[in-house]
Each structure stands twice: as structure tokens, then as C-alpha cells.
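Here is the structure we will look at, set down as C-alpha cells.
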Amino acid sequence: MKRIALLSAGGTLGAVREDGTETLIPGHDSPDLLDKVPELVRIADIVPRVLFNHDSSNLQPHHWVQVAEAVHRAFTEDDVDGVVVTHGTDTMAYTAAALSLMVRHLPGPVVLTGSQLPFSEVGSDGRRNLLDAFRVATEADLGEVVLVFNGKIIRGSRSKKMRALAYDAFESVGMPLVGTVEADIVLSPHARPRIAGTPVLDTRLADDVCLVKLFPGFHPSLLPTIADSHHGIVLEGFGAGNVPTDELSLVPTIKKVVGSGCHVVLTTQCVFGAAWSDVYKTGLLALESGAIPAYDMNSEAALVKLMWVLGHTTEPEKVRSMMHTDYAGEITARS
Ligand code: ASP
């Protein structure tokens with residue numbers, strides 16, 4: 001039997017209703033889940049660990065580091081073949097992006113899962129998602145961080161929560177699914193296979209990075225104010241990575257904040273598509289002012305990656321080149 005670590009981090013999967021109300025709060029953790037899905041012990045030799053038990057809206061970047069260290073420890077000290085992390089759905093995409101950068105060269109799958117309805121409630125998707133996650137962790141030849149949710153296997157660094165309450169909560173943005181879980185597990189040709197050896201842990205992170213969504217009427221003076229207390233700004237621009245360049249132009253402001261040592265990365269607020277930013281003059285002028293295009297990284301991945309990159313360097317050309325390096329399948333190289 002494969003040996004699998006079950007790391008529990010909270011979320012709806014184990015949530016319970018607060019006394020006398022309909023409000024969900026964290027409840028059960030991994031040992032409880034094992035009691036409730038006895039089939040799991042027939043699928044795998046399970047090493048359960050409780051990391052914390054939070055609604056994922058309460059997670060901060062230091063929690064990503066904690067999960068990354070636990071994943072690394074599971075492979076290096078507990079000698080597991082794969083890892084399942086139970087986690088709230090709200091910020092699962094951020095944690096997945098962080099894990100995919102922080103623990104690389106994976107000798108087995110790292111699978112994040114959760115649910116939209118608590119495990120203990122009638123009709124919950126928790127049981128299926130947990131069993132699917134274990135099936136992927138034990139059966140799939142994967143050496144990457146993935147989400148397993150509603151039958152989809154999604155690359156962690158490409159995942160996005162698209163639906164607040166529906167069971168089909170996540171989509172893969174910018175690439176097809178890594179695979180599907182039905183009667184069989186089917187992997188796509190994009191799936192990255194396991195890499196024999198020891199995974200690399202690299203959790204250096206600068207968390208003074210801000211994600212800002214542009215809107216018509218956005219006042220340029222906001223950017224220098226943010227740059228006073230942040231070393232990086234991910235700017236969610238319009239369309240193909242565009243910003244205002246006439247009235248309330250961001251062009252001189254981007255130049256100013258970049259000149260002051262704040263790194264500006266341009267993404268798009270469109271869910272599908274990419275911030276190429278040289279398609280229109282309104283994007284090109286932003287690039288000429290020093291903004292770094294995120295290309296097809298989604299905003300969650302771009303934010304987490306900028307934090308991680310700035311944990312390694314603040315040298316502008318190095319930041320740019322690391323932002324454009326594919327570490328975990330989060331970006332498509334542009335020819
Ligand atoms: N608020 C919950 C969380 O992210 C939602 C969920 O798990 O589905 O922890």
C-alpha cells in the first residue's frame with residue numbers, strides 16, 4: 001500500500017454549524033475524517049497531521065510556509081509516496097500556488113482538496129473529494145501540486161475559485177486540466193510526472209506585496225501611497241493587460257514607483273486570456289514605464305510568485321527574469 005500524509009488545514013470539509021445557528025466554523029480535523037471515511041485506510045497507509053484548523057479566509061502567507069514545510073517533511077522524514085492537504089476553498093488557489101513554488105522536484109503528488117458542504121451534512125461533496133484526492137495521491141504518476149475537486153485535477157499554480165458555493169468550484173486557467181477522476185483517473189499529456197529524489201524546499205518570501213484591481217476612475221496617486229509600504233504591486237489591468245494612459249494616466253506613476261524600487265507586475269482582470277500588454281498602446285506604454293507583464297499567470301499566482309521572487313532578489317532585471325521563469329507550470333513561455 002502507498003504511504004500518504006494527510007495534512008489538515010481546516011476549511012468547510014470538517015466545518016460544523018455554530019451552536020444554534022447556520023454559521024459554519026472549523027470543526028473536525030484529519031483523525032476525525034479518517035474515522036468518518038473508513039475506506040481511506042483500505043486505500044493507503046495514512047500518516048495524519050493536524051497543521052491548523054482555520055477557515056482559509058484567515059490564512060496568511062506564513063501559513064503557506066507552514067504547509068510547505070510539512071509537505072517537505074512528509075517526503076523527507078515520513079518517507080511518504082504522496083501528500084493530501086485538506087484546506088478551505090476560499091484561498092486554496094493561493095496556497096496551491098505558494099506550495100508549487102516552495103516545494104519543487106516532487107517525488108509524488110501533492111493534492112489539495114476540500115468541499116463546499118461540510119462533511120457531516122447530507123449531500124456533501126466532501127466524501128467524494130477526499131476519496132478522489134487519495135486515489136490521485138496513490139495512483140497517479142504526478143510530481144506536482146494539484147487541486148482535486150469535483151472530479152477535476154487542476155494544476156495548483158493555474159487554479160482559480162470561480163464559484164462561491166457550487167460543487168464545481170474551481171477552473172484551470174490558461175491550460176487544460178491535468179486530468180480527471182471518474183471510474184478511472186485519466187491524466188492529460190500536460191501532467192508533470194514524479195521526479196525521483198528529494199524535494200527542494202525554498203520558502204523565502206517577502207509578503208509586502210499588494211494586489212490592486214484597476215477600475216475606470218482609479219486615481220494614479222494611490223500607487224505611490226501603496227509603494228510607500230510595499231516592495232511589489234500586482235496591478236490587475238484591463239483586457240490584454242492595459243491601463244489608462246490619457247485622463248488619470250498611470251504611465252508617469254508606474255515610472256515613478258518603479259524608479260523608487262517598487263516592482264510592478266501587470267496582470268489582467270479577465271479570468272481567461274493573458275496580460276501580453278504589447279497588443280495595445282495602453283499596455284505598451286505601461287511596459288515602457290517599467291511594468292513587468294505577467295503573461296498568462298493568473299492574479300493569484302502572480303501575487304504569490306512576486307512575494308516569492310522578492311524573497312530571493314530585489315534586483316530589477318533578476319526580478320523580471322524570475323517572474324518570467326516557469327518554476328511550476330504557472331506561466332507559458334512566450335516565443
Ligand atoms: N470559508 C471556507 C474556507 O475557505 C470555504 C470552504 O472551505 O469551502 O475555509
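In this chain, residues are counted from 1 in sequence order. Since the model is a prediction, treat every value here as computed from it, not as a measurement. Note: hydrogens, waters and symmetry copies are ignored here, and every other heavy atom, side chains too, is used. In each ligand, atom 1 is the first atom listed, and ligand 1 is the first ligand listed.
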Original post:
Using the ring of each side chain (for Trp, its six-membered ring), is F52 parallel, tilted or perpendicular to H54, with breaks at 30° and 60°?
Top reply: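 Ring orientation of F52 relative to H54: parallel.
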**OP:** Please work out whether the ring planes of Y94 and W64 are parallel, tilted or perpendicular, with thresholds of 30° and 60°.
**Re:**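 The rings of Y94 and W64 lie parallel, inter-plane angle below 30°.
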Going by atom types only, do [X] and [Y] share a side-chain donor-acceptor pair under 3.5 Å?
X    : Y    : answer
N129 : T113 : no
D207 : H62  : no
D208 : H231 : yes

Original post:
In terms of side-chain geometry, is the basic nitrogen of R3 or D78 positioned less than 4.0 Å from the acidic oxygen of its partner?
Top reply: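 Looking at D78 together with R3, the answer is no, because their closest N to O distance does not fall below 4.0 Å.
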Original post:
When you look for protein heavy atoms under 4.0 Å from ligand 1, which residues do they belong to?
Top reply: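 Lining ligand 1: G11, T12, D55, S56, G88, T89, D90, S115, Q116.
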